[in-house]
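Have a look at the structure below before the remarks.
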Amino acid sequence: MAHDFRPPGHAAIPPYGGVLMEDLSLPLLVLLGLFGFAGGVGITALGPGGVLPTIGLFALTGLSPAEVAGTAIVTHVATGALATAAYTRSGQLRDPATRRTALLLAGTAVVGTPLGVLVNTMVSTRAFGLTLGLLLVLVAALVWIRERRGPAAGAVPPTPLVAGLGLAVAVAAGVVGIGGPMLTVPLLIVLGVPVLESLASAQVQSVVVAAVGTLGYLAHDAVDWPLAALVGVPELAGVLIGWKIAHALPARGLKYGLIVALLALAPYLALHG
């Protein structure tokens, strides 16, 4: 059953299953915007971050799992495009090896994302929350492994490995409404790809995942456009700030903070479903 945080006396959820903006209190609207902003920072600073808008929409609104994923994934079309432009400007996407990885990830996203959207339409709210919680634990483990391994070795992973990784991530992204960098960046770094190059490649993948996923969720009438704008505009601002952080500041403290936050949120989301 969808969650309803509205006070008594407010209008019922509309027939299509979404929520009305006026039915959400001002503190909830502000909190949703903050989830979007923090997600944008995380997308370009570390990779993990795109899940935060999904978490906010799932935990704070009465949207169904499909509407949560559809509304969240729409925001990643713009964030992915902006982040791709930013990493092109800073030079990472001009490197041939990085462009190759990015194109492989983007190509497999065309196939994997629709599969994820299809899976989402078949899962219950409880299963959706459990999946989201497990993904957060996986990401926290990957970020921790990345930090323990130290600087990446500058490896170029084999084409079949990158393609398989891209397909798996695209399916997961389609299911929960994330852009891709949340899982792709830690996985690439575990494979030896440097941080900035991993971040750059994942942004290109994110554009395709988000665009294809948006079309899929639109076909199921599962996008709440006002909420997408509420979350997505602050998310864009966060993308630019996160890009600057990735190039200017040591990220060890932020990484450990992210691990703690993900592990703290995971059981709540798993049980909240």
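FYI, side chains are in, hydrogens and waters are out, and symmetry mates aren't considered; it's all heavy atoms of this structure. What you are looking at is a predicted structure, and each value in this text was computed from that prediction instead of being measured.
Within the 4.5 Å cutoff, the side chain of Leu134 has heavy atoms near those of the Leu130 side chain. By the 4.5 Å heavy-atom criterion applied to side chains, His247 and Tyr87 are counted as neighbours. Leu105 places none of its side-chain heavy atoms less than 4.5 Å from the side chain of Val209. Counting heavy atoms from C-beta outward, Ile55 and Leu60 have side chains that stay 4.5 Å or more apart. Side-chain contact between Leu183 and Val139: present, with at least one pair of heavy atoms (C-beta onward) separated by less than 4.5 Å.
Scanning both residues, Thr44 and Gly238, for their nearest heavy atoms gives OG1-O, 4.1 Å. The minimum heavy-atom distance between Pro234 and Ala229, with the atom names listed, is CD-O, 4.2 Å. Nearest heavy-atom pair, Val68 versus Phe58, reported as atom, atom and distance to 0.1 Å: CG2-CA, 3.8 Å. Shortest non-hydrogen contact noted between Gly47 and Leu199 is N-CD2, 3.3 Å. Contact detail for Ala109 and Pro114: the closest heavy-atom pair is O-CD, 4.0 Å. Heavy-atom minimum distance, Ala45 versus Ile245: CB-CG2, 4.2 Å.
A distance of 12.0 Å separates CD1 of Ile145 from CD1 of Ile189, quoted to the nearest 0.5 Å. The distance from atom CZ of Arg99 to atom CD of Glu197, rounded to the nearest 0.5 Å, is 12.5 Å. We find the CG-CZ distance between Leu52 and Phe35 to be 7.0 Å, quoted to the nearest 0.5 Å. Note that CG of Leu32 is 6.0 Å distant from CG of Leu57, once rounded to the nearest 0.5 Å. Atom CG of Leu218 sits about 10.5 Å away from atom CD1 of Ile73, to the nearest 0.5 Å. The line from CG of Leu191 to OG1 of Thr101 is 10.0 Å long, rounded to the nearest 0.5 Å.
Residues Leu187 and Leu103 do not share a hydrophobic cluster, clusters being chains of Ile/Leu/Val/Met/Phe/Trp/Tyr side chains in contact below 4.5 Å. Note: the hydrophobic cluster containing Val77 does not contain Val233 (ILVMFWY, side chain heavy atoms under 4.5 Å, direct or indirect links). No continuous path of ILVMFWY side-chain contacts below 4.5 Å connects Val207 to Leu93, so the two sit in separate hydrophobic clusters. At a threshold of 4.5 Å between side-chain heavy atoms, the hydrophobic network of Ile, Leu, Val, Met, Phe, Trp and Tyr places Trp144 and Leu136 in one connected group.
Of the options Leu46, Leu188, Thr98, a side-chain contact (heavy atoms from CB on, under 4.5 Å) to Ser198 is made by Leu188 and by none of the others.
Between the side chains of Gln203 and Ser206, no donor N or O sits under 3.5 Å from an acceptor N or O.
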inquiry  = side-chain contact (heavy atoms from CB on, under 4.5 Å) for Leu227 and Leu230? Distances and angles first, verdict last.
reply    = CA-CA 5 Å; Leu227 285 178; Leu230 174 69; 4.0 Å; yes
inquiry  = Is there a side-chain contact (heavy atoms from CB on, under 4.5 Å) between Leu135 and Met182? Walk through the geometry before answering.
reply    = CA-CA 9 Å; Leu135 275 177; Met182 185 189 90; 4.2 Å; yes
task = Starting from the C-alpha separation in whole Å, work towards a yes-or-no answer on side-chain contact (heavy atoms from CB on, under 4.5 Å) for Thr71 and Leu63.
result = CA-CA 9 Å; Thr71 303; Leu63 297 176; 4.1 Å; yes
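Through direct or relayed side-chain contacts under 4.5 Å between Ile, Leu, Val, Met, Phe, Trp and Tyr, Leu236 connects to Leu82, Val239, Leu240.
Sorted by first and then second residue, the side-chain hydrogen bond (donor to acceptor under 3.5 Å, both in side chains) pairs with a member in residues 233-242 read Thr75-Glu235, His76-Glu235; sequence neighbours excluded.
The side chain to side chain donor-acceptor pair (under 3.5 Å) search around Thr108 returns none, not counting sequence neighbours. Among residues two or more places apart in sequence or in another chain, the side chain to side chain donor-acceptor pair (under 3.5 Å) test is passed with Ser201 by none. Residues satisfying the side chain to side chain donor-acceptor pair (under 3.5 Å) criterion with Arg100, sequence neighbours excluded, are Thr159. The side chain to side chain donor-acceptor pair (under 3.5 Å) check on Gln205 picks up Thr184, with sequence neighbours excluded.
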